[in-house]
Amino acid sequence: MPGRQKHTFYFWLLGTALLIALFFNVSMGSVHIPFKEVIGAIFGGGANKETWNYIITEYRLPKAITAILTGSGLAVSGLLMQTLFRNPLAGPFVLGLSSGASLGVAVLILGAGAFGGLLGGILMSQWSLVVASAIGSFLVLLAVLAVTFRIKDTMAILIIGLMFGSVTAAVVAVLSYFTNAERLQQFIFWSFGSLGNQSWSGVLILTICCVTGLLLAFGSGKSLNALLLGENYAKSMGVHIKKTTVFIILATSILAGGITAFVGPIAFVGLAVPHITRQFFTSSNHFTLLPAVMLVGGILMLLCDTVAQLPYSEYTLPINAITSLLGAPVVIWLLVRKRKLLF
Amino acid sequence: MAAEKTHPILCATDVSVGYFSKKKSVIVAENITFNLKKGELIGVVGANGVGKSTLLRSLVGMQPILKGTIEINGKDLTKVSSLVLATQLSVVLTEPPASKNLTVRELVTLGRQPYTNWMGALSETDIEKITYALEVTDTQKLAHKKCFELSDGQLQRATIARALAQDTPFIVLDEPTTHLDLYHRAYVLKLLKRLTKDLNKTILFSTHEVDLAIQLSDQLIVMTPSEVYFDEPCKLIAAEKFDSLFPKDTIDFDKNTGRFSIKQ
C-alpha cells in the first residue's frame, strides 16, 4: 500500500530529525562547546575539559530529555483530548488542564507557607509537586467531562475550559495576596516554564509519569479509533465507553499534570502538534498517530528550547513564551489554509 | 432446516418505548409486538415524532425499554454483553461519523473491531470482509477518499459498508435515505433489499419514503400516534392501516397505487 510506505518513510525521517534536533540542542547553549566534544561527552569518552563534560551530562542532557518527554507527552495528551471530546480545538491548555495543574501547584507552593517547618519541607518534594499538579488537572478534566455529559455542544466545552482558566488565575491571585514574596517568586518562576535545572532523579520521575501515561494511551488505541465515529457507533461495536473514558482521562491527567509540575504550564504544544502531524500522516489510526505526534512533539520542543536558550548568550527566555509565539501562528495558519480544522 | 429458516432473529413482545424524565416515565409508543425473521427487509414508517427513532434506539440497546421484552437470537437484549451484541447487530445512525478526517477504508475497517485484537490488527478474513463490503456498496473507488470529500450519497454508502464489514446477521438503519436524491434513495433501499436476499441478513430501517418502503419491504412496522401495526405491506394496505398515518385533511392514501397524494 503506498500510504503505508509513505508513513514508514515519514517515521524514518522524523526519527532522524529527532536525533539531529537532539544533538543540535545539546551542542547549543550559553557556553560554546565544539561538536566533537559534545559527541565525546555523550558517548562516554568524555570531553577534554571537565567543565564541558559537567555542563553536558548534568545540565544539557537532562534538559534535552526533559524537552523530548514534555513535547511527546503534551502532544499525546492533546491528541487524546481531541479524540475524546471529538473537537479539533481541544488540548490540555485550552481545556484548562494546565490551569488546573497550576492551581494544584499554586495551592501547594503558596499554601505550604501556612504549614511551615517540617511539613512544609515534605510538601515541597518533587513527588508532591507532581501529585498536586496531576490532581489539579484531573479535577478540571472531571469537571469538563461532567459538563460534556450534560451539554453536547462542543463550543460550550471550550468556553468551560476558558472559565476554569479564569477561576484558576483568580484563585492564584487571592493566594498570592496572602503569601510571602519568596514563595510568590518561586511560583511565578515555575509558571514561566522551564526545561532546565532538572536533576537526573527529576528526569526519572518525569519519565515514569510519561511512560505510564503513554502505556495507558496505547492500551486505549483501539477504543480511541472507534471513538472517531462517535460514542454511539463506538458502543455499537462493543467499546466499553465508561472504562475507555476513565483510561483516557487518567492518561491525560498523568501526562499533562506530571509534565506541568516539572516544566510549568506549556501552551499550544498539545493543540498544535496533532494538527501539524496530520498534515503529513493521512491516517487517523491512533496506532500510527500516537508515535507520530510523539516524534513531532519531541522535535518541536527541542527546537523551541534551542531558541529559548539564546545560544552563546547568558539569557534564557521562558519556554512558554516561545511555544506560544510558535504555536499560535501555526494554528491560525492551519485554520486559514484549510478553512476548518479536522481531527 | 425449516425450523432454522423460521427462527426469528429479533422478538419484541409487548414492548413500550419511551424515556425517563424527572423520575416519571414518558411512554412514546406501546403494545409493540413483532418477530423479525432471517432474510427479511423490514421498514419502519410513521409521521415525525411518533417514536421511530426511540423504537430503533431501544431495539439496538442504546436506550432501556419501559415494558416488555426484546430478544435477539433467543437471548434477552439486556443480558447480552456489548461485545457479543456487536457481533449480532450493527447500526447505521443518522449522525455522520464524528471524525470527517477518516478515509472510507479506515471507516469500513473500524467495522471489524469486534473481531480484532487489542491493536486492531487485521487477519485475512478481516481484509476479505472489508474488500467485500466495499465492493457490494460500490465504494472501492472511494476507499482512499476522506469522509469530508464525499457527497451525502457516497457517505451513506460508506457507512452502510462499515455496518456490513461488522458482519452481523441483523442490521438496523435509522433513516438511511434522508438528504439523498431520488436516485440514491432508490439505490440505497435496493441495496438493502439485495443484501437481505443474497446474504440472508435481516435489515430493519426507518424511513419517510413510505411509497418506496411499501414497494420493497417484506414486512412493515407502521407507527401511528395511537397504535403500532406489523404485517406485510399488501395486508396493511388491505386493512387500511395507512389511512391513519397522516392527518386526512392534508394527505390522502390511494389503495390501488399504494401512493400518498396531497389533498387539493
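Below, chain A is the first sequence line, B the second, and so on; all start at residue 1.
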Quiz prompt | Smallest separation among heavy atoms of B/A98 and A/G230, with atom names | solution =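 Shortest heavy-atom separation between B/A98 and A/G230 comes out as CB-N, 3.7 Å.
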Which bit of [X] is near chain A, if near means a heavy-atom gap under 4.5 Å: side chain, backbone, both or neither?
X: B/L110; answer: both
X: B/T87; answer: neither
X: B/V60; answer: neither
X: B/E106; answer: side chain
X: B/R112; answer: neither
X: B/V84; answer: neither

Quiz item: Got B/L102 and A/L229 here, is their nearest side-chain heavy-atom distance under 4.5 Å?
Solution: yes
Quiz prompt | Residue pair B/E95 / A/E231, side-chain heavy-atom distance below 4.5 Å | solution =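 The answer is no, as the side chains (C-beta and beyond) never meet within the 4.5 Å cut-off.
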Can you tell me how far the [atom1] atom of [X] sits from the [atom2] atom of [Y], to the nearest 0.5 Å?
X: B/N117; Y: A/K222; atom1: CG; atom2: NZ; result: 6.5 Å
X: B/Q113; Y: A/S236; atom1: CD; atom2: OG; result: 10.0 Å
X: A/F218; Y: B/W118; atom1: CZ; atom2: CH2; result: 8.0 Å
X: B/N101; Y: A/R278; atom1: CG; atom2: CZ; result: 6.5 Å

Practice problem: Please check if the side chain of B/K146 supplies one atom and the backbone of A/T282 the other of a donor-acceptor pair under 3.5 Å. | Solution: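 Yes, the answer is positive, given that a donor and an acceptor are paired below the 3.5 Å cut-off.
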Greater than 12 external heavy atoms within 6.0 Å of [X]'s [atom1]:
X: B/H179; atom1: NE2; answer: no
X: B/Y19; atom1: OH; answer: no
X: B/K201; atom1: NZ; answer: yes
X: B/Y187; atom1: OH; answer: yes

Practice problem: Determine the option with the most heavy-atom pairs under 4.5 angstrom with chain A, choosing from B/T168, B/L93, B/T159, B/T116. | Solution: B/L93
Quiz item: Quick one: of B/S99, B/S90, B/G61, B/P96, who has the most non-hydrogen atom pairs under 4.5 Å with chain A?
Solution: B/S99
Quiz item: Considering only heavy atoms, which portion of A/S220 lies under 4.5 Å from any heavy atom of chain B: side chain, backbone, both, or neither?
Solution: neither
Quiz prompt | Part of A/Y233 lying under 4.5 Å from any heavy atom of chain B | solution =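 Both backbone and side chain.
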